[in-house]
Amino acid sequence: MSMTVNLNEKVAAVTGGGGVLCSLMAKALAANGAKVAVLDLRQEAAQAVADEINTAGGTAIGLTCNVLEKESLMEARTAITTALGPVDILINGAGGNRPEATTSVEFHEPELNIEDDTIKTFFDLDPNAVDFTFKLNFLGTLLPTQVFARNMAKAGSGVIINISSMNAFTPLTKIPAYSGAKAAISNFTQWLAVHFSHTGIRVNALAPGFFLTDQNRSLLTNEDGSPTARGGKIVSQTPMGRYGDPEELIGTLLWLASDDASGFVTGTVIPVDGGFSAYSGV
């Protein structure tokens with residue numbers, strides 16, 4: 001890893017830490033000296049990442065945690081404080097979408113038969129799935145922040161990094177619930193930054209462009225590795241002409257995590273997107 005910062009003596013908690021991008025973030029924080037708590041709904045996924053960190057000479061624990069249950073978060077906080085100390089850095093990485101909150105068509109064409117059960121239109125979106133998507137992304141960021149920022153506010157310092165998305169700038173077709181939820185994350189990041197500005201807590205967000213992960217791989221690539229129609233469209237709208245390498249998120253993450261490097265940076269949503277958010281398509 002080319003960029004290094006000094007996170008010695010810092011304790012970091014990473015929600016969604018068993019996933020492709022957040023596991024990499026957890027490992028990067030540990031490689032720069034932080035003691036890391038990897039939190040995930042799946043204990044085995046969290047533990048696998050913690051084991052990798054420990055094997056590499058870092059310090060980590062893996063914990064089961066449900067970001068939608070405050071009691072689960074409080075139990076995690078107790079376990080982290082006992083094993084590692086109070087959390088200084090919170091990465092709110094847990095998030096996701098539900099297929100039932102996604103349309104199968106990009107545009108509602110006049111000739112579309114909305115009674116056709118093989119097509120999922122806007123009118124077929126499941127309100128429960130929309131509700132869950134908002135909860136997972138927005139409440140799943142708000143609740144961990146309530147639980148872990150409490151000690152930060154008392155200590156007079158701390159770093160919170162949320163995960164926004166390209167969807168927050170301009171919504172992508174098919175995924176209205178996820179786009180709206182990520183827009184809420186960007187807005188909440190700004191709100192939190194102002195709210196905590198007198199406490200020494202800095203709050204920023206990463207807005208990743210398109211990185212291949214377990215969650216989106218089947219949507220963006222065919223089994224032979226060639227792009228799907230949607231994947232091809234994304235690459236064509238990314239001026240750098242490719243997907244991001246997950247490692248390319250790490251420099252921005254470490255910069256935001258370090259008070260020495262970004263001590264006057266708060267309330268920002270930083271795209272790491274190969275130019276996607278800047279491109280009009282023309």
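Quick note: numbers below take in every heavy atom, side chains included, and nothing from hydrogens, waters or symmetry partners.
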Is there a chain of hydrophobic side chains (I, L, V, M, F, W, Y, each step under 4.5 Å between heavy atoms) that links [X] to [Y]?
{"X": "L39", "Y": "V159", "value": "no"}
{"X": "F211", "Y": "L254", "value": "yes"}
{"X": "L41", "Y": "L63", "value": "no"}
{"X": "I53", "Y": "I61", "value": "no"}
{"X": "L172", "Y": "F169", "value": "yes"}

Can you confirm whether [X] sits close enough to [Y] that some side-chain heavy atom of one is under 4.5 Å from a side-chain heavy atom of the other?
{"X": "F188", "Y": "T141", "value": "yes"}
{"X": "T102", "Y": "Y178", "value": "no"}
{"X": "L90", "Y": "I161", "value": "no"}
{"X": "L206", "Y": "L253", "value": "yes"}
{"X": "V272", "Y": "P208", "value": "no"}
{"X": "F210", "Y": "Y243", "value": "yes"}
{"X": "I114", "Y": "F122", "value": "no"}
{"X": "I89", "Y": "V11", "value": "no"}

Let me confirm one number: the [atom1]-[atom2] distance from [X] to [Y], rounded to the nearest 0.5 Å.
{"X": "L249", "Y": "T252", "atom1": "CG", "atom2": "OG1", "result": "7.0 Å"}
{"X": "I175", "Y": "S165", "atom1": "CD1", "atom2": "OG", "result": "7.0 Å"}
{"X": "F148", "Y": "I201", "atom1": "CZ", "atom2": "CD1", "result": "13.5 Å"}
{"X": "N97", "Y": "F132", "atom1": "CG", "atom2": "CZ", "result": "10.0 Å"}
{"X": "W255", "Y": "M3", "atom1": "CH2", "atom2": "CE", "result": "9.0 Å"}
{"X": "I160", "Y": "L256", "atom1": "CD1", "atom2": "CG", "result": "12.5 Å"}

Stepwise side-chain hydrogen bond (donor to acceptor under 3.5 Å, both in side chains) check, D260 with S258: CA-CA 5 Å; D260 292 336; S258 166; 4.7 Å; no
Closest heavy-atom pair and its distance - [X], [Y]:
{"X": "G19", "Y": "S23", "answer": "O-OG, 2.7 Å"}
{"X": "R77", "Y": "N151", "answer": "CD-ND2, 4.2 Å"}
{"X": "A177", "Y": "F134", "answer": "O-CE1, 3.5 Å"}
{"X": "M166", "Y": "P271", "answer": "CE-CB, 3.9 Å"}
{"X": "G18", "Y": "D40", "answer": "N-OD2, 2.8 Å"}
{"X": "P227", "Y": "N222", "answer": "O-ND2, 3.3 Å"}

Using modelled atom types only, decide if a donor and an acceptor are shared between the side chain of [X] and the backbone of [Y] within a distance under 3.5 Å.
{"X": "K135", "Y": "V130", "result": "no"}
{"X": "S104", "Y": "I119", "result": "no"}
{"X": "N204", "Y": "T268", "result": "yes"}
{"X": "T78", "Y": "M74", "result": "yes"}
{"X": "S262", "Y": "V265", "result": "no"}
{"X": "S197", "Y": "V194", "result": "yes"}
{"X": "T238", "Y": "M240", "result": "no"}
{"X": "N8", "Y": "A34", "result": "no"}
{"X": "K182", "Y": "I163", "result": "yes"}
{"X": "S72", "Y": "N66", "result": "yes"}

Stepwise side-chain contact (heavy atoms from CB on, under 4.5 Å) check, E247 with L24: CA-CA 7 Å; E247 291 276 354; L24 197 68; 3.8 Å; yes
Verify the neighbour count for atom [atom1] of [X]: are there more than 12 heavy atoms of other residues, nucleotides or ligands below 6.0 Å?
{"X": "Y279", "atom1": "OH", "answer": "yes"}
{"X": "N113", "atom1": "CG", "answer": "yes"}
{"X": "E223", "atom1": "CD", "answer": "no"}
{"X": "R230", "atom1": "CZ", "answer": "yes"}

Cationic N near anionic O, under 4.0 Å, E248 to R242: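 Yes, E248 and R242 are salt-bridged.
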N-O pairing of E106 and K233 below 4.0 Å: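 Salt bridge between E106 and K233, a charged N being under 4.0 Å from a carboxylate O: yes.
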Would you say [Y] and [X] are linked by a side-chain donor-acceptor pair, where the criterion is simply a distance under 3.5 Å?
{"X": "R42", "Y": "T64", "result": "no"}
{"X": "T145", "Y": "N92", "result": "yes"}
{"X": "T103", "Y": "T121", "result": "no"}
{"X": "D116", "Y": "T118", "result": "yes"}
{"X": "T4", "Y": "N32", "result": "no"}
{"X": "S157", "Y": "R202", "result": "no"}

N162 vs T189, side-chain hydrogen bond (donor to acceptor under 3.5 Å, both in side chains): CA-CA, chis, key distance, verdict: CA-CA 7 Å; N162 297 328; T189 298; 3.0 Å; yes
Residues V87, I80; criterion side-chain contact (heavy atoms from CB on, under 4.5 Å); working and verdict: CA-CA 8 Å; V87 170; I80 295 165; 3.8 Å; yes
F196/V203 under side-chain contact (heavy atoms from CB on, under 4.5 Å): CA gap, chis, key distance, verdict: CA-CA 8 Å; F196 283 141; V203 188; 4.3 Å; yes
Residues L29, I91; criterion side-chain contact (heavy atoms from CB on, under 4.5 Å); working and verdict: CA-CA 10 Å; L29 293 167; I91 312 297; 3.9 Å; yes
